[in-house]
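Only heavy atoms go into these numbers, but all of them, side chains included; no hydrogens, no water, no symmetry mates. So you know, we letter chains A, B, ... as the sequences are listed, proteins then strands, and number each from 1.
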Number of protein chains: 2
Amino acid sequence: MSRPPLAKEKILDAYVSMLCDDGERAATMEATAAKAGVSKGGLLYHFASKELLAQGTIEHLLTAHEEDLELMGSAPEGPASYFVRTSTSVGGDLDRYFLAVLRLAQGGHEPSVKALEYIHEGWLGMIQHEVTDKYAAEAIMLIGEGLYYQTSMPGTWSTGTFGKDLNHLLKQVERLKNGN
Amino acid sequence: MSRPPLAKEKILDAYVSMLCDDGERAATMEATAAKAGVSKGGLLYHFASKELLAQGTIEHLLTAHEEDLELMGSAPEGPASYFVRTSTSVGGDLDRYFLAVLRLAQGGHEPSVKALEYIHEGWLGMIQHEVTDKYAAEAIMLIGEGLYYQTSMPGTWSTGTFGKDLNHLLKQVERLKNGN
DNA sequence: GTCTATATCCTGATAGAC
DNA sequence: GTCTATCAGGATATAGAC
């Protein structure tokens with residue numbers, strides 16, 4: 001646990017990168033091995049099957065999510081705004097692993113679907129704690145998920161539309177929060 | 001155009017069904033042919049490649065979308081509410097083809113991504129015509145897209161969460177519309 | 001721990017009979 | 001228009017050398 005083999009981390013990182021950048025179809029074991037700088041056999045020593053590769057990714061995501069939930073709970077702006085704001089971010093550890101698992105889930109990988117449902121429940125619970133109006137909380141969740149939906153789109157879509165406008169969007173979230 | 005071969009429609013219908021129900025990976029040409037009750041060779045007479053199969057699906061979607069835009073424009077409740085309300089529906093022609101093309105897009109199929117972007121623009125334009133506040137319109141679009149995101153999830157997720165609660169969600173949309 | 005070589009399977013596509 | 005072979009390519013996974 002304290003000193004995992006370097007190669008193993010490098011392989012998982014390459015796999016996640018390929019999932020995010022090139023889609024699930026491109027993230028084959030051969031391509032992952034090549035990107036990580038090892039051979040197919042070398043990869044299979046650390047991850048004996050493709051399923052174990054996916055499993056390792058999910059575990060990383062759940063760890064990152066646990067840390068994020070604490071940040072979300074203690075965010076000065078409140079959990080709801082924190083959630084929507086971070087829904088547009090790309091590059092962080094959580095975002096990388098989330099997108100990777102999202103790709104797996106969209107490809108029909110059941111364990112990934114379950115993991116995303118679990119994370120979804122964690123977010124919703126924290127937002128509902130802040131926003132007492134149940135339906136306002138759900139609307140805010142949907143806005144964040146709409147942003148994730150765009151992020152998950154291949155190609156140019158993920159980058160566009162928002163960015164500098166995020167502050168204006170957060171004002172809409174404020175309006176939903178303050179039930180008026 | 002007026003009398004397309006029955007088998008061709010049956011094949012495309014089987015393909016769309018498999019995309020929606022079992023994901024892009026399961027929608028192979030062999031499985032599609034089997035579901036449509038023809039052989040692989042029979043399928044390839046009507047669709048000479050898998051790409052043409054996807055293309056036919058996109059064309060059907062664009063046709064259904066065109067019809068839907070007219071309904072959206074003349075909806076008594078207004079385009080925004082119409083958009084959010086129909087974002088949860090499953091079973092209609094538009095929803096079936098939309099989900100099918102969404103699956104293709106999520107699999108990295110570029111023409112499908114372009115088609116969804118085009119449809120997205122059509123919806124956004126109509127909502128912005130009703131909701132003058134640009135950012136409120138974008139927030140409403142995101143709610144609808146969040147609903148699509150959930151619909152696109154394989155497994156049980158697509159059915160849950162909303163349904164009877166849709167009316168409450170529409171009240172949140174009303175609040176965003178009436179910029180107060 | 002890492003590599004090469006190979007086995008097995010599946011998918012999209014072709015050729016040609018009926 | 002529809003079928004039965006059949007092929008070429010790619011993917012996961014195994015076996016065994018170093």
Side-chain angles (χ1 to χ4, degrees), chain A residues 1-58 100-101 103-112, chain B residues 1-58 100-101 103-112:
Chain A
M1 165 89 76
S2 58
R3 201 158 308 257
L6 198 70
K8 192 164 182 174
E9 281 302 314
K10 244 174 54 176
I11 289 168
L12 200 61
D13 195 62
Y15 177 63
V16 169
S17 288
M18 298 212 64
L19 275 177
C20 293
D21 298 342
D22 309 311
E24 191 236 345
R25 219 147 196 176
T28 70
M29 306 197 78
E30 190 157 16
T32 300
K35 182 156 189 151
V38 297
S39 71
K40 241 195 289 193
L43 187 159
L44 282 161
Y45 170 79
H46 295 288
F47 297 96
S49 75
K50 201 177 189 185
E51 181 58 32
L52 288 173
L53 210 44
Q55 201 175 305
T57 307
I58 291 175
V101 173
R103 289 266 149 82
L104 291 173
Q106 287 171 345
H109 188 247
E110 270 305 321
S112 293
Chain B
M1 166 90 74
S2 59
R3 200 157 310 256
L6 199 69
K8 192 164 181 175
E9 282 302 314
K10 244 173 55 175
I11 289 169
L12 200 61
D13 195 62
Y15 178 63
V16 169
S17 289
M18 299 210 64
L19 276 177
C20 293
D21 298 342
D22 310 311
E24 191 236 343
R25 222 154 192 168
T28 68
M29 304 197 79
E30 190 157 17
T32 299
K35 183 155 189 151
V38 298
S39 71
K40 240 196 291 193
L43 186 158
L44 282 161
Y45 172 77
H46 295 287
F47 298 95
S49 73
K50 203 177 189 187
E51 181 59 32
L52 288 173
L53 210 42
Q55 202 175 303
T57 307
I58 291 175
V101 174
R103 289 267 150 83
L104 291 173
Q106 288 170 345
H109 188 246
E110 270 305 320
S112 293

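- Under the rule for a salt bridge (charged side-chain N to carboxylate O under 4.0 Å, His left out), A:Asp21 has no partner lying at least two apart in sequence or in another chain.
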Please list, one pair per line, the donor and acceptor atoms closer than 3.5 Å that link side chains of residues 25-35 of chain A to other protein atoms, with sequence neighbours excluded.
| from | atom 1 | to | atom 2 | distance (Å) |
| --- | --- | --- | --- | --- |
| A:Arg25 | NH1 | B:Glu24 | OE1 | 3.2 |
| A:Arg25 | NH1 | B:Glu24 | OE2 | 2.3 |
| A:Thr28 | OG1 | A:Ala31 | N | 3.1 |
| A:Thr32 | OG1 | A:Thr28 | O | 2.8 |

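- Summarising the geometry, the separation between CE on B:Met18 and P on C:dG12 is reported as 11 Å, rounded to the nearest angstrom.
- Scored by the side-chain hydrogen bond (donor to acceptor under 3.5 Å, both in side chains) test, A:Gln55 finds no partners at all (sequence neighbours excluded).
- For the pair B:Phe47 CZ and C:dT14 P, the computed distance is 16 Å after rounding to whole Å.
- The side-chain hydrogen bond (donor to acceptor under 3.5 Å, both in side chains) search around A:His109 returns A:Glu51, A:Ser112, not counting sequence neighbours.
- Annotation: salt bridge (charged side-chain N to carboxylate O under 4.0 Å, His left out) contacts of B:Asp22 (sequence neighbours excluded): none.
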What string of B, S and - do you get for nucleotides 2-18 of chain D 5' to 3' if you count protein non-hydrogen atoms under 4.0 Å? BBB------SBBB----
